[in-house]
Amino acid sequence: MRKLLFALGLLCLTTTNAQIKRVDQPSSEEIGKIAPMGSLSIKIEKSGDTYNFLYQDVKFTQIKEFKSFSFKDVDNAFEELYKIIMDGFDNPPADDIMIELPEGYLWLGFTKALGVVNFRFGHSVTNDGSVIGFSQWLTKKQTQKLFGKR
């Protein structure tokens with residue numbers, strides 16, 4: 001009887017250890033980031049063929065809340081997004097530019113103040129204009145750094 005209980009206990013112990021399995025994460029490459037005074041504001045990483053954007057939502061002043069969105073680089077989508085943003089710096093549109101993502105929508109907003117054009121993005125899971133979060137306003141130079149072009 002004692003041997004039977006020992007065998008059952010050993011069997012249960014072996015089965016519980018087999019329930020978890022280690023999963024290897026694909027390595028990610030940092031494309032660029034904006035971190036004024038060492039505090040992360042926006043970061044772009046590439047993992048395989050997927051670009052991940054992580055940004056601090058500026059809607060909240062007292063809370064550091066980070067939001068994210070991602071998309072695959074199908075048909076050179078990352079470079080196309082960069083080109084649309086750079087064109088917006090040269091010729092700022094009156095209204096926000098809306099881009100459809102696999103998991104929602106991305107709004108590109110431009111404003112011109114004192115002769116300087118600034119850009120920010122917002123993203124949402126619906127197309128009705130209800131934005132989940134906004135990034136900080138970026139200059140052209142900061143945007144180039146963020147997209148790894150400098």
Side-chain angles (χ1 to χ4, degrees), residues 10 12-150:
L10 188 61
C12 289
L13 182 63
T14 306
T15 351
T16 54
N17 285 339
Q19 290 179 5
I20 61 172
K21 180 170 95 171
R22 183 177 180 166
V23 177
D24 292 327
Q25 295 274 2
S27 63
S28 61
E29 166 193 356
E30 185 175 284
I31 303 298
K33 70 178 178 179
I34 305 297
M37 309 262 298
S39 178
L40 180 67
S41 180
I42 305 173
K43 176 170 70 170
I44 301 176
E45 288 183 337
K46 182 180 181 184
S47 179
D49 65 342
T50 303
Y51 286 92
N52 303 307
F53 289 69
L54 176 70
Y55 67 95
Q56 183 178 350
D57 189 357
V58 296
K59 289 193 306 185
F60 304 103
T61 57
Q62 301 298 322
I63 302 172
K64 275 194 162 189
E65 182 171 345
F66 285 89
K67 307 259 174 88
S68 67
F69 63 91
S70 61
F71 59 86
K72 291 191 179 283
D73 194 23
V74 178
D75 295 331
N76 212 12
F78 184 73
E79 290 300 322
E80 187 64 29
L81 175 62
Y82 178 72
K83 183 181 176 305
I84 291 169
I85 294 170
M86 287 298 116
D87 289 345
F89 276 110
D90 296 334
N91 187 16
D95 296 324
D96 290 351
I97 300 171
M98 187 171 95
I99 298 173
E100 186 174 3
L101 297 175
E103 300 166 352
Y105 297 88
L106 183 67
W107 275 269
L108 309 177
F110 295 88
T111 185
K112 188 172 185 178
L114 301 172
V116 177
V117 177
N118 289 303
F119 151 77
R120 77 173 176 181
F121 60 82
H123 95 277
S124 172
V125 292
T126 62
N127 67 349
D128 64 359
S130 59
V131 177
I132 290 178
F134 287 106
S135 71
Q136 72 176 37
W137 289 99
L138 300 171
T139 63
K140 187 174 186 176
K141 191 174 185 179
Q142 287 174 319
T143 305
Q144 290 169 336
K145 180 181 176 186
L146 179 64
F147 279 79
K149 303 297 183 186
R150 229 172 52 106

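All values reported here derive from a predicted model rather than from experimental measurement.
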Calculate, to the nearest 0.5 Å, the distance between atoms OG1 and CZ belonging to Thr111 and Phe119 respectively. 13.0 Å

Distance, nearest 0.5 Å, that separates CZ of Phe78 from CD1 of Ile31: 5.5 Å

Heavy-atom closest pair (Ser68 atom, Leu54 atom, distance to 0.1 Å) is CB-CD1, 4.1 Å

Checking Gln142 against Ile42 for the side chain to side chain contact (heavy atoms under 4.5 Å, CB included) test, could you report, in this order, the C-alpha distance in whole Å, the side-chain angles of both residues, the deciding distance, and whether it holds? CA-CA 10 Å; Gln142 287 174 319; Ile42 305 173; over 6 Å; no

Using a cut-off of 6.0 Å, state whether more than 12 heavy atoms not belonging to Asp95 lie near its atom CG. no

Side-chain contact, heavy-atom cut-off 4.5 Å: Asn52 with Ser47? yes

Report the C-alpha separation of Gln136 and Gln56 in whole Å, then their side-chain angles, then the decisive distance to 0.1 Å, and conclude whether the side chain to side chain contact (heavy atoms under 4.5 Å, CB included) test is met. CA-CA 8 Å; Gln136 72 176 37; Gln56 183 178 350; over 6 Å; no

Using only atom types and a distance under 3.5 Å, with no angle test, would you say the side chain of Lys43 pairs donor to acceptor with the backbone of Ala35? no

Would you say NZ of Lys83 has more than 12 non-hydrogen atoms from neighbouring residues, nucleotides or ligands within 6.0 angstrom? no

Rounded to the nearest 0.5 Å, how far does CZ of Arg120 lie from CZ of Phe134? 4.5 Å

Only one of Phe53, Tyr55, Trp107 passes ring pair (Phe, Tyr, Trp, His ring centres under 6.0 Å) with His123, and that residue is Tyr55

Do Asn118 and Thr139 come close enough that some side-chain heavy atom pair is under 4.5 Å? yes

Are the side chains of Leu40 and Lys33 in contact, using a 4.5 Å heavy-atom criterion? yes

Write down the atom of Gly109, the atom of Asp96, and the distance for their closest heavy-atom approach. CA-OD1, 3.3 Å

Evaluate the side chain to side chain contact (heavy atoms under 4.5 Å, CB included) criterion for residues Ile85 and Phe121: first the C-alpha distance (whole Å), next the side-chain angles of each, then the deciding distance (0.1 Å), finally the verdict. CA-CA 10 Å; Ile85 294 170; Phe121 60 82; over 6 Å; no

In terms of the angle between their ring planes, are Tyr51 and Phe71 parallel, tilted or perpendicular, with boundaries placed at 30° and 60°? tilted

Working to the nearest 0.5 angstrom, can you tell me the gap between Leu146 CG and Ser41 OG? 9.0 Å

List for me each residue that meets salt bridge (Lys or Arg N to Asp or Glu O under 4.0 Å) alongside Asp57, sequence neighbours excluded, and say none if there are none. Lys67

Between Val58 and Trp137, is any pair of side-chain heavy atoms under 4.5 Å apart? no

State, to 0.1 Å, how close Ser28 and Glu45 come at their nearest heavy-atom pair, and which atoms those are. OG-OE1, 3.8 Å

With a 4.5 Å cut-off on side-chain heavy atoms, are Gln144 and Tyr82 touching? yes

Out of curiosity, Leu101 CG to Phe69 CZ, how far, rounded to the nearest 0.5 Å? 6.5 Å

Within 6.0 Å of CG in Asp90, more than 12 heavy atoms from elsewhere: yes

Residues forming a salt bridge (Lys or Arg N to Asp or Glu O under 4.0 Å) with Asp73, sequence neighbours excluded: none

Spacing of Ile84 atom CD1 and Leu108 atom CG [to the nearest 0.5 Å]: 7.0 Å

For a 4.5 angstrom cut-off between non-hydrogen side-chain atoms, does Thr143 reach Met86? yes

